[in-house]
Amino acid sequence: MMENFERNLEAFENKISYSFKNKELIIEALSHSSYANEKRKTRRSNERLEFLGDSVLSIVVSQYLFEHFTHLPEGELTKIRASLVCEKSLHDFAKQIDLGQFILLGKGEENTGGRQRVSILADAFEAVIAAVYLDGGLEAARNHILRFIPKDIDSRKAVSFSDHKTILQEIIQKNPEEKIEYRLAGQSGPDHNKAFEVKVYLNSNVIGTGVGRSKKEAEQMAAKEALELMGYES
């Protein structure tokens, strides 16, 4: 069993062309909460790494777009970035490295198709970014991320999905003193069928609530409700 696991780990490192000095980091990045829960206190899930990976991904993609699209204004850069770091794109990137086959899942999640679930793959992709960053630094993380950025980005087609968060951000940022923040309000259900509730705050006031199968989806739904309450078509 351990021998197979070590072979899988080596195969994954070959997939991403990066060898970890600290193997615990990549094991944690590949450990879904359902697997961690089954292992009790012996294994941590990848949720904390996902949090960090989201920020590392954002800064690397932001710098790349800033340097390569010098003719575009801030609003257009925001839209392109949103299209590259959305759940759908991260899922597509994860499939490029067959990430699903390497994720450590609990039995319930395994039996209900967790290896193909969009949110699980997207979250694990961000967790792997964080693991590379912590193990090898920002340059290693940058090299890893930029492998997935399309070379033929068309700014006119960048946002082909309903990115309510970006639309809301563009409206709010017209007033520099205003601040938008998304907070997880709760989660329910078993590991293989969780529902997340997120509230979006304008300064200290709740302006929208959303529920989704992933935190990202819930954030989008919260932004959508905020836009509707503000009288905007979303």
Does the pair Leu134 and Leu52 meet the rule for a side chain to side chain contact (heavy atoms under 4.5 Å, CB included), with working shown? CA-CA 10 Å; Leu134 292 172; Leu52 176 60; 3.9 Å; yes

Is it true that a side-chain atom of Asn203 and a backbone atom of Lys179 form a donor plus acceptor pair closer than 3.5 Å? yes

Tell me, do Leu77 and Arg81 make a side-chain contact under 4.5 Å, heavy atoms counted? no

I want to check something: taking the side chain as every heavy atom from C-beta on, are Val128 and Ile26 in contact at a cut-off of under 4.5 Å? yes

Going by heavy atoms in the side chains, are Leu121 and Leu90 under 4.5 Å from each other? no

Would a 4.5 Å heavy-atom cut-off, applied to side chains only, mark Lys23 and Glu13 as touching? yes

Would you please say whether a donor-acceptor pair under 3.5 Å links the side chains of Tyr18 and Asn143? no

Is it true that the side chains of Gln220 and Glu87 contain a donor and an acceptor less than 3.5 Å apart? no

Kindly indicate whether the side chain of Ile149, heavy atoms from C-beta on, has any atom under 4.5 Å from the side chain of Val60. no

The test is side chain to side chain contact (heavy atoms under 4.5 Å, CB included); show your working for Leu229 and Ile207 and say whether it passes. CA-CA 8 Å; Leu229 292 172; Ile207 58 171; 5.8 Å; no

Looking only at heavy atoms, which two atoms of Ala131 and Leu25 are closest? And how far apart? CB-O, 3.8 Å

Residues Ile103 and Arg115: closest non-hydrogen pair is O-NH1, 2.6 Å

In terms of side-chain heavy atoms, does Thr78 have a donor or acceptor partner in Glu74 at a distance below 3.5 Å? yes

So, taking the atom named CZ in Arg142 and the one named OH in Tyr64, what distance separates them when rounded to the nearest 0.5 Å? 12.5 Å

Do Ser119 and Arg213 have a side chain donor and acceptor closer than 3.5 Å? no

Within the distance-only criterion (no hydrogens, no angle test), does the side chain of Glu38 pair as donor or acceptor with the backbone N or O of Lys107 below 3.5 angstrom? yes

Report yes if some heavy atom in the side chain of Glu219 is under 4.5 Å from a heavy atom in the side chain of Lys165; otherwise report no. yes

What's the shortest heavy-atom distance between Ile171 and Met230, and which atoms? CG2-CE, 3.9 Å

For Glu28 and Asn46, indicate whether the former's side chain and the latter's backbone hold a donor-acceptor pair under 3.5 Å. no

For the backbone of Glu50 and the side chain of Asp54, can you confirm whether one donor and one acceptor N or O come within less than 3.5 Å of each other? no

Compute whether any side-chain donor of one residue and acceptor of the other, for Arg147 and Gln96, lie under 3.5 angstrom apart. no

In terms of relative ring orientation, are Phe125 and Phe93 parallel, tilted or perpendicular, with 30° and 60° separating the classes? tilted

Can the positive tip of Arg183 be found less than 6.0 Å from the middle of the six-membered ring of Tyr201, inside 45° of the ring normal? yes

Taking every heavy atom of Asp135 against every heavy atom of Asn22, the minimum-distance pair comes out as OD1-N, 2.9 Å

Check Lys215 against Leu184 and note the closest heavy-atom contact, atom names and distance. CG-CD1, 4.2 Å

Does a side-chain heavy-atom distance below 4.5 Å link Glu126 with Leu57? yes

Between Tyr182 and Lys199, is there a cation-pi geometry (under 6.0 Å to ring centre, at most 45° from the normal)? no

Salt-bridge present (Glu76, Lys79; N to O < 4.0 Å): yes

Mind listing the closest non-hydrogen atom pair of Ser89 and Leu84 along with its distance? CB-O, 3.4 Å

Between Glu181 and Val200, is there a side-chain heavy-atom distance shorter than 4.5 Å? no

